[in-house]
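Take a look at the structure set out below.
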Amino acid sequence: MLDLKFIRENPGLVRQGLLNKNSRDIVSEVLSLDEERRSLIIKTDELKAKRNQASAQIPQMKKAGQDTNPVLAEMKLVSDQIAELDGQLRDVENKIDTILFATPNVAHSSVPVGRSSEENVEARKWLPEGFSFKNDFKVLDHVELGKKLKILDFERGTKISGSGFPLYTDKGATLERALINFMLDFHLQRHGYKEIFPPFLVNRDSMKGTGQLPKMEDDMYFIEKDDLFPVPTAEVPITNIYRNEILPESELPVKYVGYSACFRREAGSYGKESKGFLRVHQFNKVEMVKFVKPETSYDELEKLVKDAEDILQALQIPYRVLLLCTGDLSFSAAKCYDIETWSPAENKWLEASSCSNFENFQARRANIRFRNEATKKPEFVHTLNGSGLATSRLMVSILENYQTPEGKVIVPKALQKYTGFDVIG
RNA sequence: GGAGAGAUGGCAGAGUGGUUGAAUGCGGCGGUCUUGAAAACCGUUAAGGAUGUAAGUCCUUCCGGGGUUCGAAUCCCUGUCUCUCCGCCA
C-alpha cells in the first residue's frame, strides 16, 4: 500500500499518480483523517503518560501508608477518557487502512501515461529465424489440433469440473509436464533462482499482502469453511514467505522460482476469448519472484523480463514485449512488461507473461523488510515477479507454431529430452 | 475429529497484578588487553508511532482480538498456531 507519510509529504504527486492509473483520488480524504488521527494520538499519549506516572506512585504511596483513594478515583476517570479516545482513534485508523488497502500503487516515472491497453508501447519483438506470419497451408487452432491429436479434451474437462478446466491427455499431458520441468530447470540452472514448491491454498493475510485482497475478491476462488483461497498465482505464497520478517541485507537479492497451478474465477468474462486455453479457470504457471534492495529494483525488472524471454527463445516461439501504460497497470504494480506470444490461428498476440516491479507496495502490506547495514535500520524491500511462463497460452503458441501441413506437431527441440518423443501425431 | 500442554527479545529461558521493555545465559556489535587471534573484562544490543531543525521527550508492543482493574507479560473469555496422546488417513 501507499505510505501515509509519503502521501502527506507529496499530495500532488500521489494525486496525479492515481489519476494516471484511472483510480479514485483519495488524497484529501486520507489527509484529513490523518490529521484527526494525529490529534487523537497527541491527546491519548498525554493521558497515558499521566496514568503511567500515577501507576508508579501508587505502590509507593501504599508503602508509605498514604491514602490512595483520591488518586484511584482520578485515574479511573483518566482511564475512561483513554478508552473513549482510543476507540475513536481505532475507528479513524481503520478508515485509513480500508482506503489505503483498496488504493492501487502509482506508476514509476518511466511508465508511459495512458488510459488503456491501446496505449501500451511495444518495447521489442523477437522472431525465430525463418519465421513468417503467413503460412502456406491452412493452420488449425489449438483446440482443433488438441482434438485431432487426442492430447486435449476440453469437453470432458467441462464434464468433470465445468468450462475452463482443461483436461490434458496422453502426449498432451506429457508435453505440459515437460514444459513445466523445462522452465524450472532453465531458471535454476541458467538464471540462478532457488526452487520453491509452495502451498496452493493460502490464507487471507497472504492474499492481502500481495494485493489480491480486498479489491479482487470476486475473481478469487474461496473455500469458506476454512477461510482459504486457492492461489491465483504462485506469486502469492512465494512473496508471502517473508511476510513479517526482516532479512539480512547480505541475503539480497533473493530469487525464487516455483510452479503452481493457478485458479481464477474470471468472473464476468464468459464468451469473449474463452475458447480452449484462451481463458481458463485453472492453468499451470512457473513464477519467478524477487526480493531486492530498492536501488536495484529497476535493473532487476529488466533482468526478470530477459529471463522470461530466454525461455521463449529457447523454445523458438515468436513474441513481443509490451511496456504497459499507467492505465493498464495492475493494482499493485509500479511498472510492468507483458510478453505476448504469437498465435497463427487466432492471428494475434497472446499474453503469456507479465513481469512487474511492485517497489515497496507489497512489502509494506506484507511487512517484508531488510536491515540496512549502513544505517542498521529496517527498510522495506522491493518485490518483483514475473511469469516464466504460463503454460496455457504458451501451449497455444507451441501447438500452432509447430504444426506441420499434415496436422502433426513437432516437439520443440529444447523440450524433447523432457518429453521423450519428438513429434505428436 | 476427541483429550491435554504450551506460545516471552536473534536464540535459549526466568518472570502469576505495581518503576518488568522485561532477570540470566548464548549469540551479535563496540572497546580494553594482545605482534595477531582466542580467553578474560567493560559497554552495548527490538520494532512501530507522536512531537521536535536536532539532541531528546512521550506513547504502544511479552502470539492475535476482547474483558476485569487506578494499574496486566501475569487474572478471565475468544481466535490462531505449536507439541503430546487417541481416532482417521495418502
Side-chain angles (χ1 to χ4, degrees), chain A residues 1-9 30-101 197-209 213 222-229 237 240-252 254 261 360 362-381:
Chain A
M1 67 178 137
L2 297 175
D3 180 15
L4 188 53
K5 226 180 259 173
F6 184 82
I7 299 175
R8 197 190 297 151
E9 284 156 16
V30 163
L31 288 186
S32 93
L33 285 166
D34 180 43
E35 235 169 84
E36 200 179 330
R37 166 181 161 269
R38 283 185 293 159
S39 95
L40 283 166
I41 287 173
I42 291 169
K43 282 184 207 159
T44 52
D45 277 5
E46 212 171 280
L47 291 170
K48 282 174 185 169
K50 199 169 167 187
R51 181 175 70 183
N52 289 344
Q53 277 178 354
S55 283
Q57 279 168 2
I58 288 168
Q60 292 178 354
M61 290 173 73
K62 279 188 176 166
K63 228 178 264 174
Q66 291 173 288
D67 177 17
T68 56
N69 281 330
V71 191
L72 295 190
E74 194 197 340
M75 285 307 114
K76 170 83 182 145
L77 291 177
V78 169
S79 279
D80 287 348
Q81 283 177 54
I82 290 172
E84 164 69 21
L85 291 172
D86 267 348
Q88 287 178 28
L89 180 60
R90 198 169 47 228
D91 286 349
V92 171
E93 285 183 333
N94 284 342
K95 273 187 204 161
I96 294 174
D97 272 0
T98 303
I99 295 172
L100 289 186
F101 269 104
F197 205 123
F200 290 0
L201 299 182
V202 298
N203 60 30
R204 199 168 275 281
D205 284 342
S206 294
M207 292 291 270
K208 247 180 126 169
L213 295 185
F222 178 48
I223 297 161
E224 194 171 4
K225 198 168 181 182
D226 299 292
D227 205 25
L228 290 171
F229 298 81
N240 276 282
I241 287 173
Y242 293 120
R243 174 150 47 84
N244 291 327
E245 293 193 31
I246 302 174
L247 300 164
E249 182 177 332
S250 57
E251 271 183 32
L252 300 179
V254 174
N360 65 23
Q362 291 182 328
R364 210 173 269 289
R365 295 177 151 241
N367 194 27
I368 305 169
R369 293 174 292 178
F370 73 99
R371 190 172 301 280
N372 183 318
E373 271 165 19
T375 65
K376 306 279 182 211
K377 289 286 164 198
E379 286 176 35
F380 290 109
V381 299

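By convention in this document, chain letters (A, B, ...) are assigned in the order of the sequence lines, proteins followed by strands, and residues within each chain are numbered from 1.
If you measure from atom CZ of A/Arg90 to atom P of B/G64, you get 15 Å, rounded to the nearest angstrom. Straight-line distance from the CG atom of A/Asn94 to the P atom of B/G66: 10 Å, rounded to whole Å. Computed from coordinates, the A/Glu249 CD to B/G10 P distance equals 19 Å when rounded to whole Å. One atom, CZ of A/Arg37, and another, C1' of B/U51, lie 12 Å apart when rounded to the nearest Å.
Distance check on atom C1': B/C76 versus B/G17 gives 13 Å, rounded to whole Å. For the C1' atoms, the distance linking B/A50 with B/G64 amounts to 24 Å, nearest Å. When the P atom is compared between B/G71 and B/U78, the two are found 23 Å apart, to the nearest whole Å. Taking atom P on both nucleotides, B/G66 is separated from B/G1 by 27 Å, rounded to a whole Å. One C1' atom belongs to B/C81, the other to B/A72, and the distance between them is 23 Å to the nearest Å. If you take atom C1' in B/C59 and the same atom in B/A40, they sit 41 Å apart, rounded to whole Å. Between the P atoms of B/G28 and B/C11, the separation comes to 15 Å (whole Å). Annotation: B/G48 and B/A14 have their P atoms spaced 29 Å apart (nearest Å).
Two residues are said to be in side-chain contact when any heavy atoms from C-beta on lie closer than 4.5 Å; A/Asp227 and A/Phe222 meet this criterion. Side-chain contact between A/Arg364 and A/Asp3 is present, with heavy atoms from C-beta onward closer than 4.5 Å. Counting only heavy atoms from C-beta outward, the side chains of A/Arg8 and A/Leu31 approach each other to under 4.5 Å.
Near RNA chain B, meaning a heavy atom under 4.0 Å from it, residues 199-207 of chain A has no residue at all. Residues from residues 72-86 of chain A placing a heavy atom under 4.0 Å of any atom in RNA chain B, listed by number, are A/Leu72, A/Met75, A/Lys76, A/Ser79.
Within the structure, salt bridge (charged side-chain N to carboxylate O under 4.0 Å, His left out) contacts touching residues 89-99 of chain A (residues at least two apart or in different chains) are A/Arg37-A/Glu93.
The residue among A/Asp34 and A/Ala56 whose nearest nucleotide of RNA chain B is located toward the 5' end is A/Ala56.
Note: A/Leu4 CG to A/Arg38 CZ = 8.0 Å, rounded to the nearest 0.5 Å. Here the CD1-CD1 distance, from A/Ile7 to A/Ile99, works out to 9.5 Å after rounding to the nearest 0.5 Å. To the nearest 0.5 Å, atom CG of residue A/Leu72 and atom CD1 of residue A/Ile58 are 5.0 Å apart. Atom CG of A/Leu100 and atom CE of A/Met1 lie 6.5 Å apart (nearest 0.5 Å). To the nearest 0.5 Å, atom CZ of residue A/Arg51 and atom CG of residue A/Leu77 are 13.0 Å apart.
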request  = Before giving the answer on side chain to side chain contact (heavy atoms under 4.5 Å, CB included), spell out for A/Met207 and A/Val202 the whole-Å C-alpha distance, their side-chain angles and the decisive distance to 0.1 Å.
outcome  = CA-CA 7 Å; A/Met207 292 291 270; A/Val202 298; 3.7 Å; yes
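A 3.5 Å limit on both hydrogen-bonding distances identifies B/G6 as the Watson-Crick or G-U partner of B/C81. In this structure, B/U35 forms no base pair with any nucleotide, since neither Watson-Crick nor G-U wobble geometry is met with both distances under 3.5 Å. Applying the Watson-Crick and G-U wobble criteria (two distances, each under 3.5 Å), B/G27 pairs with B/U45. Partner assigned to B/U68 is none, using Watson-Crick or G-U wobble distances below 3.5 angstrom. Pairing for B/A73 is absent, with no Watson-Crick or G-U wobble pair whose two atom distances lie under 3.5 Å. In this structure B/A90 sits in no base pair that meets the Watson-Crick or G-U test at under 3.5 Å. Across all strands shown, B/U19 remains unpaired; no Watson-Crick or G-U wobble contact has both distances below 3.5 Å. A 3.5 Å limit on both hydrogen-bonding distances identifies B/A50 as the Watson-Crick or G-U partner of B/U57.
Taking the ring pair (Phe, Tyr, Trp, His ring centres under 6.0 Å) definition, one finds that A/Tyr242 meets it with A/Phe291, sequence neighbours left out. Legend: residues meeting side-chain hydrogen bond (donor to acceptor under 3.5 Å, both in side chains) with A/Asn367, ordered by chain and number and at least two apart, are A/Asn244, A/Arg369. Under the ring pair (Phe, Tyr, Trp, His ring centres under 6.0 Å) criterion, A/Phe6 pairs with no residue, sequence neighbours left out. Under the side-chain hydrogen bond (donor to acceptor under 3.5 Å, both in side chains) criterion, A/Asp226 pairs with no residue, sequence neighbours left out. By the side-chain hydrogen bond (donor to acceptor under 3.5 Å, both in side chains) test, A/Ser206 pairs with A/Asn203, A/Arg243, sequence neighbours left out.
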Atom pairs, protein N/O to nucleotides 44-48 of chain B N/O, distance under 3.5 Å:
| from | atom 1 | to | atom 2 | distance (Å) |
| --- | --- | --- | --- | --- |
| B/A47 | OP1 | A/Arg371 | NH1 | 3.0 |
| B/A47 | O3' | A/Arg369 | NH1 | 3.0 |
| B/G48 | OP1 | A/Arg369 | NH1 | 3.0 |

Show me the protein contacts with nucleotides 76-81 of chain B, counting only N or O atoms at under 3.5 Å.
none

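Residue A/Glu249 qualifies as enclosed at atom CD: its count of foreign heavy atoms under 6.0 Å is above 12.
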request  = If a protein heavy atom is under 4.0 Å from the base, mark B; if only from the sugar-phosphate, S; if neither, -; do that for nucleotides 55-61 of chain B going 5' to 3'.
outcome  = ---SSS-
Donor-acceptor contacts under 3.5 Å from residues 79-86 of chain A side chains, at least two apart:
| from | atom 1 | to | atom 2 | distance (Å) |
| --- | --- | --- | --- | --- |
| A/Ser79 | OG | A/Met75 | O | 3.4 |
| A/Glu84 | OE2 | A/Gln88 | NE2 | 2.9 |
| A/Asp86 | OD1 | A/Lys48 | NZ | 3.4 |
| A/Asp86 | OD2 | A/Lys48 | NZ | 3.4 |

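Counting non-hydrogen atoms under 4.0 angstrom, A/Ile42 reaches the backbone sugars and phosphates but no base.
Salt bridge status for A/Glu74 with A/Lys50: present, with a side-chain N to carboxylate O gap under 4.0 Å.
Between A/Arg38 and B/U51 there is a side-chain N or O to OP1 or OP2 distance below 4.0 Å.
Among the nucleotides B/U19, B/A50, B/G18, the one closest to any side-chain atom of A/Arg8 is B/A50.
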